[in-house]
Structures are given as C-alpha cells and as structure tokens.
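I have placed the structure first, in the form of structure tokens, so that the comments after it can refer back to it.
Numbering starts at 1 and runs along the sequence shown.
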Amino acid sequence: MMMNNNTSLHPMGRVASSSWLVALLAIAELILGFVLLSFPYILGASAVWVAGFVLLAVALLRLIQVFTRPGYRMWNLLAALIYCFLGLAFIMRTGVSLSAITLAIGIALLVGGVLRLGVAFSLRSEQGSAWRFFNAIVSIILGAVVTWGWPESSFWLLGTIIAVEMIFSGWTLLFLALAPRRQGQEAL
C-alpha cells in the first residue's frame, strides 16, 4: 500500500483545510457584525422591513389554505388578514413598527425579570439561587433601560441585538474552526 502525501486525501488534511475556510468565514462574520454594530438603526429597520415581507408571504400561504382546507376556512382567513395587516404595517410604517417592537421587548424584559425575581425568592434556599437573582436583576435593568429610553431606544436596540448576536456567532464559529487544528496538534 502506497502512502500519499496529498493532504486532501488525509483525514486531518481535510479537517485542517476546511477549518481554515470556516475560520475565514468566521472572521468575515465578525467583521460584518462590527460593521453592522455601527449602524444599529438601519439594521433594525431592515430587519423589520424584511419581517414585513415574510409576514406577507405567510398571509399568502394562509389565503391558499382558505381554499384548500375547508374545515379551517374562517381561521385561515382571519390569520391571513392579520398577517397581511402586520406585514403591510411593517413595510409601510417601519419606524413605528420598530418602535412598537422595541417597547414590546422592553416590557417583556421587565415582566420576565419580575417573574424571575419571584421564582428566585421562592427558590432562594436551593443551590444556585444567587444566579437566579442575578438573572432577574439583569432582565429588570435591561427592561428599564429599554422602556425608560423609549422611543429613542428604538434607534439602537434591535440592530444592536442582531449585530452582537452576529459577533458572538462569529467568535463561536472561529473557536470551533480552530478546535480541530488544536486537537490535531495535541495528538502529535
């Protein structure tokens, strides 16, 4: 049996070459995440606009079901009208929609934080309860920042969340891409 030095045939060679490609894609995602972090309002408004088109597509699907599923006609018609209304509102009134979504996120954070605080108090004797309190306090603070800063927080919140998620996704992808390379070096 003849040995081949071609790395594309060797399993570690394939992992190493594909991990470098994944690493480059991760770096590109990181760079794009930081660029998007510079324009949070544009990113947030774009996300709402795209969501509007998705809602219109869902409305069309529900409308098709009105004619294909006789037992659910009224439900599908009502759902189609609601999705259509929301989709058009998101597209035609993007700023107002972004503002409403931001307020809903702020209120959800506040309510969720208060509920978590109640759970933390009721389970305070259990192990790890300090983390429950910490989680509740962070949620309440974030909710307060978003709602008390509303409607100005609409200009940065959604876009910032998307950009930060993209940055963390890029970091995770980069570390995952480099992990096989480190394992291969440790095996030597």
Let me check something: do Ile42 and Ile101 share a hydrophobic cluster, defined by ILVMFWY side-chain heavy atoms less than 4.5 Å apart, either directly or through other members? no
Quiz item: Is the Phe90-Phe53 ring centre distance short of 6.0 angstrom?
Solution: no
Residues Ser139 and Gly113: closest non-hydrogen pair is CB-CA, 3.6 Å
Using the side chain to side chain contact (heavy atoms under 4.5 Å, CB included) rule, take Leu176 and Val22 through it: C-alpha gap first, then chi angles, then the decisive distance, then the call.
CA-CA 9 Å; Leu176 289 174; Val22 173; over 6 Å; no
Between Ala163 and Leu36, the two heavy atoms sitting closest are CB-C, 3.9 Å
Flag if over 12 foreign heavy atoms under 6.0 Å of CH2, Trp156: yes
One should read off an interatomic distance between Arg132 CZ and Phe121 CZ, to the nearest 0.5 angstrom, of 13.5 Å
So CG of Leu61 and CG of Leu56: to nearest 0.5 Å the spacing works out to 11.0 Å
One should read off an interatomic distance between Arg116 CZ and Leu123 CG, to the nearest 0.5 angstrom, of 13.5 Å
Closest heavy-atom pair, Leu158 versus Ala47, reported as atoms and distance to 0.1 Å, is CD2-CB, 4.5 Å
Single-linkage hydrophobic cluster, 4.5 Å side-chain cutoff, Leu55 and Ile162 together: yes
Rounding to 0.5 Å, atoms CD1 (Ile161) and OG1 (Thr102) come to a distance of 8.0 Å
**Contact check, side chains of Leu109 and Ile140, non-hydrogen atoms, under 4.5 Å** = no
Practice problem: Verify side chain to side chain contact (heavy atoms under 4.5 Å, CB included) between Ile137 and Leu117, making sure each step is shown before the conclusion. | Solution: CA-CA 7 Å; Ile137 298 302; Leu117 194 60; 4.2 Å; yes
Would you list the atom pairs, donor with acceptor, under 3.5 Å between side chains in residues 76-87 and any protein atom, with sequence neighbours excluded?
unit_1	atom_1	unit_2	atom_2	d
Asn76	OD1	Arg62	NH1	2.9
Asn76	ND2	Tyr72	O	3.2

ILVMFWY cluster, Ile167 and Tyr41 together (side-chain gap under 4.5 Å)
no
Tightest non-hydrogen contact, residues Ser99 and Pro151, listed as OG-CB, 3.9 Å
All heavy atoms of Thr94 vs all of Ala45, minimum pair found to be CG2-O, 3.3 Å
Arg93 atom CZ: more than 12 heavy-atom contacts under 6.0 Å: no
In short, Pro40 meets Thr160 closest at the heavy-atom pair CB-OG1, 3.6 Å
- Message: Count I, L, V, M, F, W, Y as connected when their side-chain heavy atoms are under 4.5 Å apart, and connections chain through other members. Are Trp148 and Ile141 then in the same cluster?
- Response: no
CZ of Arg124 to CZ of Phe133, rounded to nearest 0.5 Å, is 7.0 Å
Value for CG (Leu30) from CE (Met166), rounded to nearest 0.5 Å, stands at 9.5 Å
Query raised in the report: Honestly curious: do Trp150 and Ile105 fall in one hydrophobic cluster under the side-chain, below-4.5 Å linking rule?
Result: no
